Trainee: 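I'd like to ask some things about the structure below.
Below, read A as the first sequence line, B as the second, and so on, with proteins coming before strands; counting in each chain starts at 1. Everything numeric in this text was worked out from a predicted model, so none of it was measured.
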Amino acid sequence: MVNLGVKLKDLSLKNPVMTASGTFGFGEEFEDFIDLSNLGGILVKGTTRHHREGNPYPRMAETPSGMLNAVGLQNKGVENFCSEIYPRIKHYDTNILVNVSGSVIEDYVETAAMINDLEHIPAIELNISCPNVKEGGMAFGTSCASAAEVVKAVRQVYKKHLMVKLSPNVTDITEIAKAVEAEGADSVSLINTLLGMAIDAETRKPLLSTVTGGLSGPAVKPVALRMVWQVFNAVKIPIVGLGGIMNAKDAIEFMLAGATAVQIGTANFIDPQVTEKIVVGIEDYMKRHNIQDINDLIGALQVR
Amino acid sequence: MVNLGVKLKDLSLKNPVMTASGTFGFGEEFEDFIDLSNLGGILVKGTTRHHREGNPYPRMAETPSGMLNAVGLQNKGVENFCSEIYPRIKHYDTNILVNVSGSVIEDYVETAAMINDLEHIPAIELNISCPNVKEGGMAFGTSCASAAEVVKAVRQVYKKHLMVKLSPNVTDITEIAKAVEAEGADSVSLINTLLGMAIDAETRKPLLSTVTGGLSGPAVKPVALRMVWQVFNAVKIPIVGLGGIMNAKDAIEFMLAGATAVQIGTANFIDPQVTEKIVVGIEDYMKRHNIQDINDLIGALQVR
Amino acid sequence: MKKLVQDFEVLQRKELNDDHFVLDVKALEPLPEIRPGQFVNVLVKDSNTTFLRRPLSIHFVDYERNTISLYIKKIGDGTKKLGELKEGDTLNIVYPLGNQYSIPNNANTLLVGGGCGVAPLLYLAKHLNQAGNKVTTLLGVRSEKDAVELDAYKEYGNILVTTEDGSFGEKGYPTQHSILEKEKFDYVFTCGPEPMMKAVAAYSTQKNIPCEVSLENTMACGFGACLCCVTETTEGNKCTCTEGPVFNINDLKW
Amino acid sequence: MKKLVQDFEVLQRKELNDDHFVLDVKALEPLPEIRPGQFVNVLVKDSNTTFLRRPLSIHFVDYERNTISLYIKKIGDGTKKLGELKEGDTLNIVYPLGNQYSIPNNANTLLVGGGCGVAPLLYLAKHLNQAGNKVTTLLGVRSEKDAVELDAYKEYGNILVTTEDGSFGEKGYPTQHSILEKEKFDYVFTCGPEPMMKAVAAYSTQKNIPCEVSLENTMACGFGACLCCVTETTEGNKCTCTEGPVFNINDLKW
Ligand SMILES: Cc1cc2nc3c(=O)[nH]c(=O)nc-3n(C[C@H](O)[C@H](O)[C@H](O)COP(=O)(O)OP(=O)(O)OC[C@H]3O[C@@H](n4cnc5c(N)ncnc54)[C@H](O)[C@@H]3O)c2cc1C
Ligand SMILES: Cc1cc2nc3c(=O)[nH]c(=O)nc-3n(C[C@H](O)[C@H](O)[C@H](O)COP(=O)(O)OP(=O)(O)OC[C@H]3O[C@@H](n4cnc5c(N)ncnc54)[C@H](O)[C@@H]3O)c2cc1C
Ligand SMILES: Cc1cc2nc3c(=O)[nH]c(=O)nc-3n(C[C@H](O)[C@H](O)[C@H](O)COP(=O)(O)O)c2cc1C
Ligand SMILES: Cc1cc2nc3c(=O)[nH]c(=O)nc-3n(C[C@H](O)[C@H](O)[C@H](O)COP(=O)(O)O)c2cc1C
Ligand code: FES
Ligand code: FES
């Protein structure tokens with residue numbers, strides 16, 4: 001028996017495979033396809049202080065080996081989450097993390113505080129990197145000062161595991177990672193989507209109502225891997241790696257680059273069973289390579 | 001007859017299709033495949049003050065809809081270019097631009113000054129964005145101050161068209177574009193490669209000798225388009241757009257986003273005749289859409 | 001209704017005309033209950049440019065043969081590759097997705113389809129017929145060669161055609177067909193290009209007949225996980241893939 | 001030698017064993033002169049994961065049939081898709097690429113191949129034979145079923161085999177074959193896995209025989225435009241696709 005369990009500080013995962021926020025609904029959408037208890041954790045939809053309608057249609061465009069989205073954090077707000085959704089999903093035998101988004105610091109703080117009270121939510125992922133909200137979700141993630149500020153404020157009220165999700169749309173992601181580490185983040189997850197754009201040459205119009213949107217999928221994998229590797233060499237807190245993971249091989253690459261756990265996003269749309277398959281695939285890889293403990297893979301890249 | 005001619009300030013191109021530096025050799029490598037005089041311009045290999053061996057093998061890795069390279073500016077130096085290569089290629093009936101790279105400002109300046117004296121080179125492209133040289137080619141392109149500094153210094157000695165190639169590995173590319181415009185750049189080209197990384201999960205080693213390298217190809221197209229659009233809305237000088245262009249449709253998308261001309265890079269490896277095909281394809285598009293003058297397409301994106 | 005992801009076996013590909021074909025695919029396990037108006041999301045292998053699955057309406061279900069039929073128009077590389085599938089090939093499908101058309105009883109129903117929007121109507125005609133409704137299917141096509149599968153519709157009711165060039169049936173668009181004024185319908189169902197559906201909706205509104213439309217839009221997942229596929233409704237954004245694709249026109253902001 | 005990019009027509013695909021096959025492709029225009037050791041760069045269509053072309057050695061050229069033969073091992077999706085090509089399919093090829101093996105005169109030549117490294121040796125054997133050399137081809141394979149096309153080599157000289165399991169020819173690796181000590185060769189050519197080529201190079205160095213190897217590495221363009229494919233030589237980095245793939249071992253830092 002190989003050991004697949006990993007720890008993000010105090011947070012134990014039965015295996016390193018989690019889902020990426022915004023691509024896995026509230027988990028319920030996948031109950032027909034997989035057994036959620038086989039996953040290390042699930043990240044539910046981006047949740048904000050207040051109800052948000054999101055952006056107008058069209059919100060999606062396919063791109064080479066990837067997709068752009070401009071959902072814009074459509075959600076019913078944190079109160080609805082606590083009263084309606086939480087009771088429905090809290091029994092899941094896996095770690096349920098809430099992705100907390102906002103446009104002003106008070107919103108982040110209030111949302112985090114409310115979720116702090118939910119017994120079966122052991123952690124939040126602070127989304128300071130969403131490119132699809134005008135008012136500034138991403139702006140927080142693109143400067144050290146503002147990233148530090150929001151993490152510091154949330155840290156005051158949030159007492160459990162605080163994961164911070166970083167934006168790749170920056171010159172030096174290690175600076176941001178160090179800034180949030182210094183303010184008490186327990187882990188960082190990266191990457192969120194790259195800001196991109198698509199045009200229909202025939203109609204001469206943008207394919208998204210918002211003109212620009214967030215790029216995800218295998219197209220971004222090389223950038224994501226590089227950033228995980230850079231951040232691994234810059235901070236001490238654990239890293240959750242994501243961006244274009246489609247199979248177990250990809251997941252292992254992220255772990256070799258320094259990720260303690262991974263998240264699967266866009267791949268869920270193409271194969272709703274992919275997360276379970278990745279858990280099995282990682283186990284197979286370990287057996288084939290005679291690795292007893294998955295923790296031996298973390299950051300095990302052999303650089304000449 | 002439709003008009004395909006565009007102008008980058010004083011520099012006239014018979015059509016907007018150029019080649020991207022580092023992907024087209026010195027043009028000679030393509031003489032078997034196409035008639036170079038059908039192109040708007042060619043960008044020859046990155047040239048530095050002194051001979052460079054480039055990075056060790058392996059220098060290339062295929063990625064989803066793209067590739068990583070770590071060539072590292074292998075070239076014989078500007079003196080060799082002037083004495084050996086220039087005489088061989090100066091007769092080409094197209095605009096020949098030299099991509100000038102460096103690691104310290106004096107190198108850029110000396111290289112640019114030598115090329116200034118070459119009669120049949122109407123412009124240089126200042127590469128302040130190569131991710132593959134340790135000593136800092138990219139560092140110049142990732143801060144406004146250093147980008148401005150190098151452009152200012154080169155502007156003193158280089159009297160013809162000065163194009164500056166921008167790095168996409170920045171938080172806000174419009175800031176860099178504005179900084180180089182203010183120092184007298186005649187045009188900007190974007191994007192250079194995104195910094196990425198690839199790992200072989202089986203051997204647990206990086207696929208590039210340099211660990212990280214530059215990502216190009218269709219995978220980066222959404223990011224490139226977005227940056228062209230952002231820069232178009234920020235500066236007045238003309239923009240040359242590139243990143244993942246594979247066909248005429250892609251080229252037109254870049255022009256709609258604000259590019260006056262385009263460069264074709266990685267696509268040349270897959271179809272060495274692609275540049276000629278793109279010229280024809282653009283003409284077909286214009287006829288089909290009843291557009292007489294290609295300049296009507298520049299920045300013609302219809303944002304609701 | 002439990003959603004499944006399963007490999008199907010291609011039984012047959014029937015070319016209907018230059019760019020339309022019907023693909024019959026056989027499930028390896030007994031098919032679940034599938035309602036008219038639902039769709040599948042298929043995986044396209046071996047296409048350099050297709051990344052996401054492709055949503056396709058369920059054209060017909062044959063429980064005896066354990067097959068689903070898809071009615072497909074070649075648009076880009078994804079549908080082109082589906083048009084190259086051969087007998088024995090495998091097709092991975094997520095299904096059954098979406099809501100369904102309402103099935104009234106003993107009503108006089110009109111089904112209006114255009115382009116590949118005809119896809120869901122055959123299975124709907126069958127269900128309406130079974131529930132004791134009178135069924136009239138009205139198809140709008142370009143010219144005679146596009147008027148296909150008429151016999152199949154005839155099994156469940158009346159079939160009428162309009163062609164743009166007048167080469168078959170009545171000349172014009174479906175909403176110009178004489179039956180619309182001649183007969184009084186109790187229920188209208190439509191699927192096809194948006195302008196056509198809007199014209200059908202206008203007719204229904206004017207005549208005060210309930211009308212359901214099936215919408216197409218860009219989908220990433222097809223089962224409610226991504227929220228990319230919203231339609232603006234009178235009650236705010238609704239998910240086309242789970243709360244649609246069938247909408248009553250009263251709920252749309254048309 | 002002018003390089004071309006052309007569509008070829010697949011004439012035949014011969015399966016050699018589980019994972020090796022030979023593809024005969026016919027040029028639509030008369031073939032140019034092709035030298036032994038040169039390679040082609042083929043476009044793989046219909047693969048979701050193949051972006052760049054795939055370099056393949058020229059296994060044989062038949063000017064009468066106007067065909068090139070490729071000897072291919074299935075490695076990943078690119079070569080797998082090539083293994084699904086059928087008669088009449090089109091294959092886009094950039095060729096002829098790279099330098100060539102030297103062709104001595106009236107010499108006793110030894111060709112050592114292993115794995116899909118045997119690919120260029122058949123055409124080389126033909127040229128060596130034509131130039132009046134004595135040709136001995138020595139192939140190292142895993143077991144009997146991998147010892148294929150032996151008759152073809154016999155046309156141009158002597159053919160010897162080593163198998164790892166001893167099921168055919170001599171047991172062991174090619175560099176352990178008795179002929180190496182029995183016979184005195186004037187020239188050695190090799191292609192195959194790097195460890196094998198290094199062993200052959202060591203043998204040649206020890207015996208003081210000139211030796212040429214054909215290298216494989218990761219290529220983006222195949223015709224000198226990208227500089228991705230360098231090999232370290234005694235004279236600095238050389239371009240494997242234009243200054244190679246054939247190198248004299250004296251020039252390598254082996
Ligand atoms: C719920 C639903 C049910 C559908 N049912 C059917 C069906 O039964 N039969 C059928 O043939 N098609 C159906 N479609 C449309 C079908 O999904 C698209 O035609 C298909 O995705 C095109 O894929 P492609 O790879 O061939 O083309 P792409 O390469 O994706 O697209 C080629 C061009 O067509 C445009 N395009 C892409 N998707 C659509 C679309 N959905 N509508 C209009 N233009 C589009 C693109 O913008 C592009 O310009 C349905 C769509 C939805 C959402
Ligand atoms: C000049 C030259 C001549 C060649 N001649 C032949 C030939 O005649 N017959 C033949 O079968 N092959 C030949 N090859 C190798 C062939 O190009 C590769 O096997 C092919 O590119 C693999 O493509 P794929 O898509 O099937 O596998 P990929 O999906 O690209 O690769 C699958 C796995 O194989 C590894 N791999 C990829 N390329 C190579 C390689 N070149 N060597 C070793 N491992 C690799 C990858 O790292 C990956 O792990 C030649 C290569 C070169 C450079
Ligand atoms: C449709 C969609 C919606 C998303 N919504 C969110 C979100 O609400 N919060 C968030 O932090 N990230 C969101 N993301 C980003 C993903 O969580 C993930 O960071 C990104 O997609 C990269 O991973 P992938 O390539 O595996 O998809 C969304 C991504 C997609 C595709
Ligand atoms: C092999 C290779 C070598 C390159 N060398 C250079 C270079 O010397 N100077 C430079 O400015 N850009 C260089 N680039 C970047 C390209 O010019 C271009 O900016 C990038 O590849 C994006 O365009 P594409 O996606 O069309 O290839 C190189 C790219 C590749 C793939
Ligand atoms: S397509 Fe994903 S929610 Fe509808
Ligand atoms: S593969 Fe491009 S130079 Fe050799």
Trainee: Do B/Arg204 and A/Glu253 sit within salt-bridge range, that is, some charged N less than 4.0 Å from a carboxylate O?
Mentor: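 No.
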Trainee: Chain B heavy atoms under 4.5 Å from A/Val170: which part of the residue, side chain, backbone, both or neither?
Mentor: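 Both backbone and side chain of A/Val170 come within 4.5 Å of chain B.
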Trainee: Just checking heavy atoms, which of residues 254-266 of chain B are less than 4.5 Å from chain A?
Mentor: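 Checking residues 254-266 of chain B against chain A gives B/Leu256, B/Ala257.
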Trainee: Taking 4.5 Å as the heavy-atom cut-off, does anything in residues 240-250 of chain B contact chain A, and if so which residues?
Mentor: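 At a heavy-atom separation under 4.5 Å, chain A is reached by B/Lys249.
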Trainee: Taking atom OG1 of B/Thr212 and atom CE of A/Met227, what is their separation to the nearest 0.5 Å?
Mentor: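 The CE atom of A/Met227 is 11.5 Å from OG1 of B/Thr212, to the nearest 0.5 Å.
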Trainee: Between B/Ser65, B/Pro168, B/Ser209, which residue shows the highest count of heavy-atom pairs closer than 4.5 Å to chain A?
Mentor: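 Option with the greatest count: B/Ser65.
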Trainee: What's the spacing between B/Ile252 CD1 and A/Asp200 CG if we round to 0.5 Å?
Mentor: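 Here the rounded value is 11.5 Å.
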Trainee: Side chains of A/Thr171 and B/Thr171: any donor to acceptor distance under 3.5 Å?
Mentor: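 The answer is yes; a qualifying pair exists.
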Trainee: A/Gln302 and B/Ile199: side-chain contact (heavy atoms from CB on, under 4.5 Å), yes or no, with the steps?
Mentor: CA-CA 10 Å; A/Gln302 290 166 32; B/Ile199 293 173; over 6 Å; no
Trainee: Under 4.5 Å heavy-atom distance to chain B, tell me which part of A/Leu225 shows up: side chain, backbone, both or neither.
Mentor: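 Both backbone and side chain.
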Trainee: Specify the closest pair of heavy atoms between B/Arg288 and A/Glu202, including all atoms of both residues, with the distance to one decimal.
Mentor: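 Result for this residue pair: NH1-OE1, 2.9 Å.
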Trainee: Can you name the closest pair of heavy atoms from B/Arg226 and A/Leu195 and give their distance?
Mentor: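 Residues B/Arg226 and A/Leu195, closest heavy atoms: NE-O, 2.8 Å.
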Trainee: Out of curiosity, A/Leu215 CG to B/Lys221 NZ, how far, rounded to the nearest 0.5 Å?
Mentor: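 Answer for the CG-NZ pair, A/Leu215 versus B/Lys221, is 11.5 Å.
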Trainee: Measure A/Gln230 against the heavy atoms of chain B and call it side chain, backbone, both or neither at under 4.5 Å.
Mentor: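 Only the side chain of A/Gln230 comes within 4.5 Å of chain B.
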Trainee: Identify which of A/Pro206, A/Ala61, A/Ala224, A/Ala300 forms the greatest number of heavy-atom pairs closer than 4.5 Å to chain B.
Mentor: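 Greatest number of close heavy-atom pairs with chain B: A/Pro206.
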Trainee: What part of B/Val223 is in contact with chain A, defined as an atom under 4.5 angstrom from a non-hydrogen atom: side chain, backbone, both or neither?
Mentor: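 Contact with chain A: backbone and side chain both.
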